Every structure is written in C-alpha cells, then in structure tokens.
Amino acid sequence: MKFLIISCKEATFRLLKHEEFRLSLFALLQLWLHLAVCHWCRLFNKQNKKVNSLLKNIDTTVSLTEKEKELMQHKLKE
Amino acid sequence: MVQDTFLAALRNSEAFKGEISEKNWLFLILKNKIIDHYKKKASKIVTSLHELEKDIEDFFDDSGHWKKEHGPQLWNSDTESATNTNDFRMILENCLNRLQELSRICFVMKYLDEKESDEICKELQITSSNYWVLIHRSKLKIRNCLEKNGMKNN
C-alpha cells in the first residue's frame, strides 16, 4: 500500500501541474487519495483556486500614477 | 544602461586618449556594461536554483509533510466578496516583492501575463522541471504571504 502514498510536498506540486497538464491515472489516484486524508492539502487546493481566480481578475494594464511619474522624473534629474 | 554608459564615460573621460573615435569608445563601454549585466544575472540564476530546495523546506518537513506552523490556515470565508481587487492587488504586489527575482518573473509571466509555460521556459532559458519548481515555490510563498496579510480568519 505504500506505493499509493505521496507527501504533501508532492501533492501540492501535482495540484499546480494539474492546472496545465493531464496527470497519469495513477498519479491522479495518488493525489486523490492524499487529498481524501489530508485536510491541509485540501485547504491548499481550495485557496489556490481562489488565488487563481483573483489573479485572473486583476487588470494588468495599468499606467503609472502621477506620483510614480514624478518620482521617475526626479530620479532622472539626479 | 545607455545612461550608465554616458555616466561611466563622463567619469572616465580623462582615461580617454583619443586612440579610437569617441563613438567606438562609447560602444566599448556599453558592450562591457551589457556583458557585466548578463554575468550578474547568470550567477544569480545558478545560486537561486540552489536555494530553491532550501526554501521549500520552510514549508515541509523532512518527510515532505506540512510543518505545523506553515501549513494552510482557514481563510475568512467572505474574503471572496470582501477582497476588492485593489486591496488584493496591493497585498499581492507586496508579496511579489518578497519573492526572489526569478520566481517572481515566472509567477508574473504565468499568472498575470497568462503566457504559456513552454514560452516562459524558452524566454528565460530554463528547463521545464526548474520552471515547475519555481512555480511551486512561488505559489507556496504567495499563498502563505496572502494568508498573513489579510486573508486569514481572525
């Protein structure tokens, strides 16, 4: 039965990879079993999803604020 | 960097003997500056990869399980609605600044610029396994940092 057990380090790593890749069926089974018994990793999974959705909603196209512009000009003068 | 070149040229203007034209002399300085820059970058990447594993050890013990003090804590259930994007952005920026340069670049490219992982690896010239270690680490750190800065259930 030991071959079914993975560590939390490995489980969190697989969760992140799973966002982008398909894991093998066996790897998924290990992950699923791990999540079934580990409340920390379940929590990590939930929070990770929340963070991802928050990150998606961030508007990355912001311009510099006036203060930053001033600071920059000031630095250039020096 | 171009500005640096002119500054360096000004500082060392006595050393300029007129053996080559001014233009070539400036280009020579610029070239050296560029080489220095990338040398610095490269050495940083090497050391940062060594530090990676050590950093992950902050969160997990020897057997790879969460350390009690660094494990995820319950988050306030209404953070979803309460976190307006501006607050979140400020916290996130703070957290990003605490990351190491290379992890930060990876994180920003993947999650904010929403680039493909292959593309990021190519652009940064890192292997995909190193890339995933960086992403893993930065995600752990960001999660932890967000938790400490306002997401935690009080």
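Please read all numbers here as calculations on a predicted model, not as lab measurements. Lettering follows sequence order; numbering is per chain, from 1.
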- Query: Quick one: NZ on B/Lys139 to OG1 on A/Thr12, what's the gap to the nearest 0.5 Å?
  - Reply: 11.0 Å
- Query: Got a second to check how far A/Asn48's CG is from B/Arg143's CZ, nearest 0.5 Å?
  - Reply: 9.5 Å
- Note on the structure: What one should report as the nearest heavy-atom pair of B/Gly64 and A/Ser7 is O-CB, 3.4 Å
- Note on the structure: In short, A/Phe13 meets B/Val133 closest at the heavy-atom pair CE1-N, 4.1 Å
- Message: Under 4.5 Å from any heavy atom of chain B, what part of A/Gln47 do you find: side chain, backbone, both or neither?
- Response: both
- Measuring from B/Ser117:OG to A/Glu19:CD, what's the distance to the nearest 0.5 Å? 9.5 Å
- Message: Taking atom CD as the centre, does B/Glu114 end up with more than 12 heavy-atom neighbours from other residues, nucleotides or ligands that are less than 6.0 angstrom away?
- Response: yes
- Are B/Lys110 and A/Glu20 ion-paired here, with the side-chain N under 4.0 Å from a carboxylate O? yes
- What pairs with A/Arg14 under side-chain hydrogen bond (donor to acceptor under 3.5 Å, both in side chains), at least two apart in sequence or on another chain? A/Glu10, A/Gln30
- Query: Just how far is it from atom CG of A/Leu54 to atom CD1 of B/Ile91, taken to the nearest 0.5 Å?
  - Reply: 9.5 Å
- Ring centers of B/Phe59, A/Trp40 separated by less than 6.0 Å: no
- Query: If you draw a 6.0 Å radius around CD in B/Glu116, do more than 12 non-hydrogen atoms from other residues or ligands fall strictly inside?
  - Reply: no
- Item | Other residues, nucleotides, ligands: >12 heavy atoms within 6.0 Å of A/Phe21 CZ | yes
- Item | From CA spacing to verdict: side chain to side chain contact (heavy atoms under 4.5 Å, CB included), A/Lys9, B/His65 | CA-CA 6 Å; A/Lys9 189 173 159 186; B/His65 291 276; over 6 Å; no
- Query: Are A/Phe26 and A/Trp32 in one and the same hydrophobic cluster, where Ile, Leu, Val, Met, Phe, Trp and Tyr link if side-chain heavy atoms are under 4.5 Å apart?
  - Reply: yes
- Message: Looking at A/Leu25, I want to see if its CG is surrounded by more than 12 non-hydrogen atoms of other residues, nucleotides or ligands under 6.0 Å.
- Response: no
- Query: Is there side-chain contact between B/Leu140 and A/Phe44, with at least one heavy-atom pair below 4.5 Å?
  - Reply: yes
- Report whether B/Leu28 and B/Ile35 are members of the same hydrophobic cluster (ILVMFWY, side-chain heavy atoms less than 4.5 Å apart, transitive linking). no
- Query: At what distance, to the nearest 0.5 angstrom, does CG of B/Leu112 lie from CG of A/Leu55?
  - Reply: 5.5 Å
